[in-house]
Amino acid sequence: MDLQIDGKVALVAGASSGIGKAIAKALSTEGAQVAILSRNRDKLRDAAKEIKQTSGNDVLPVVCDVTKTGQIEKAIRKVVDKLGAIEILVCNAGGPPSGTFQQFGDSDWDYAYKLNLKSTIRLCAVVVPMMKDRKWGRIINITSVAAIQPIDNLILSNTSRAGVHGFTKTLSNEVAPYGVTVNCICPGYTLTERLDELAESIADSQNISKNKVRLSWEKNIPAGRLADPSELGSLAAFLASEQAAYITGVAINIDGGFVKSI
């Protein structure tokens, strides 16, 4: 299938590792001009090299902490100066710390809001006008199945990511007449550094091995395994395509059947 995104300018946040890097790699392989954001300069540089080795296309790495509005605006200006107006935007960031309600104070809630919800809002605020002017655009917000089926010990993530869903649906209705789609991808348990950190936290709190934690997750997934990040990349590439022009305002689980609701 020709996704018809060859030459399109794509910006992927949180792309130095895990799901973000997999999405950037998929878009670059399909011929998009990809810029990647991360606050870790060394990991960002390594990710850009890895993606180029796979796709054969150059990737623009831009250091940016998406919890800081000024850095978002500066990073996007750099991408536009180098590549042109952004046509595909992937809003992605790591998750806030795990824990229960009484473990967190105001500063923790503020950080979770800035990391997951406000970063998405600010990225869209700068990019949406470009897309409306061009009468074409794809916005893909990476959240989690936790926004649909809350996961114990992830109250910060459950709350902040659910807000992204409300924002996504509302924005999708406003920009649909301009040929712009806005959707959420909701990963389930995926083989990333973030998941390994979560497994370690749970293992330490329960005095069990990380492997036992992983096996407990797999037991609750009908597919019987964890996702590979490349599977998320393939879905994102399709949602960014011309063929997905009539898909907007939805949250798509990619979880091996983990979510129990219809």
Side-chain angles (χ1 to χ4, degrees), residues 1 3 12 14-15 17-27 29 90-100 116 120 140-166 168-169 172 181-241 243-244 246-262:
M1 180 186 292
L3 299 184
V12 185
S17 63
I19 291 169
K21 183 171 72 173
I23 292 172
K25 188 178 294 185
L27 293 172
T29 300
V90 180
C91 300
N92 177 55
S98 60
T100 58
N116 295 137
T120 300
I140 302 166
N141 298 326
I142 310 304
T143 60
S144 168
V145 292
I148 295 172
Q149 180 173 295
I151 295 173
D152 290 345
N153 216 46
L154 290 181
I155 191 166
L156 294 177
S157 183
N158 295 343
T159 305
S160 59
R161 295 191 191 278
V164 177
H165 285 209
T168 296
K169 183 62 177 177
S172 71
T181 67
V182 193
N183 294 294
C184 287
I185 290 178
C186 310
Y189 290 99
T190 306
L191 291 165
T192 63
E193 292 177 11
R194 159 72 172 167
L195 192 72
D196 189 63
E197 291 169 359
L198 181 60
E200 185 170 358
S201 174
I202 294 172
D204 288 345
S205 67
Q206 298 182 8
N207 197 29
I208 58 176
S209 68
K210 285 200 297 183
N211 187 57
K212 190 168 184 179
V213 174
R214 176 173 169 169
L215 289 173
S216 71
W217 288 335
E218 292 176 345
K219 184 179 179 181
N220 289 313
I221 299 170
R225 64 176 178 85
L226 307 184
D228 187 275
S230 65
E231 295 174 292
L232 280 294
S234 296
L235 175 57
F238 175 73
L239 288 176
S241 73
Q243 285 82 353
Y246 207 56
I247 301 173
T248 194
V250 300
I252 302 175
N253 301 336
I254 179 163
D255 63 352
F258 173 78
V259 169
K260 302 301 185 286
S261 62
I262 296 174

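From R161, atom CZ reaches atom CG of L156 across 10.5 Å, with rounding to the nearest 0.5 Å. Taken from CD1 in I185 to OG in S144, the straight-line distance is 12.5 Å, to the nearest 0.5 Å. Taken from CD1 in I155 to OG in S160, the straight-line distance is 10.5 Å, to the nearest 0.5 Å. The distance from the CD atom of E200 to the OG atom of S98 is 11.0 Å, given to the nearest 0.5 Å. Once rounded to the nearest 0.5 Å, the distance linking OG of S261 with CD1 of I148 reads 6.5 Å. In this structure, the separation between CD1 on I19 and CD on E193 is 11.5 Å, given to the nearest 0.5 Å.
Residues T143 and C184 approach most closely at CG2-SG, 4.1 Å, considering heavy atoms. Nearest heavy-atom pair, C186 versus A251, reported as atom, atom and distance to 0.1 Å: SG-CB, 3.8 Å. Closest heavy-atom contact between L232 and I23: O-CG1, 4.2 Å. In terms of heavy-atom proximity, A237 sits nearest to L3 at O-CD1, 3.7 Å. Scanning both residues, P96 and N116, for their nearest heavy atoms gives CD-OD1, 3.2 Å. For the pair S234 and A26, the tightest heavy-atom approach, listed with the atom from each and the gap, is N-CB, 4.4 Å.
Panel note: side chain S201, backbone E197; no donor-acceptor pair is recorded below 3.5 Å. Distance alone, capped at 3.5 Å, places no donor-acceptor pair between the T159 side chain and the S157 backbone. For N158 (side chain) and Q149 (main-chain N/O), no donor-acceptor pair under 3.5 Å exists by modelled atom type. No donor-acceptor distance shorter than 3.5 angstrom exists from the side chain of N183 to the backbone of I140, with no hydrogens or angles considered.
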I'd like to know whether L239 forms a side-chain contact (heavy atoms from CB on, under 4.5 Å) with T181, so could you lay out the CA-CA distance, the side-chain angles of the two residues, the decisive distance to 0.1 Å, and finally the verdict. CA-CA 9 Å; L239 288 176; T181 67; over 6 Å; no
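The shortest distance between side-chain heavy atoms of I142 and V90 falls below 4.5 Å.
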Show me the donor-acceptor pairs, under 3.5 Å and distance only, between side chains in residues 214-229 and residues at least two apart or in other chains.
unit_1 : atom_1 : unit_2 : atom_2 : d
R214   : NE     : E218   : OE2    : 3.2
S216   : OG     : V213   : O      : 2.5
N220   : ND2    : S216   : O      : 3.2
R225   : NH1    : E231   : OE1    : 3.2
R225   : NH2    : E231   : OE2    : 2.8
D228   : OD1    : S230   : N      : 2.9
D228   : OD1    : S230   : OG     : 2.7

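Side-chain atoms of N141 and T120 form no donor-acceptor pair, as typed in the model, at a separation below 3.5 Å.
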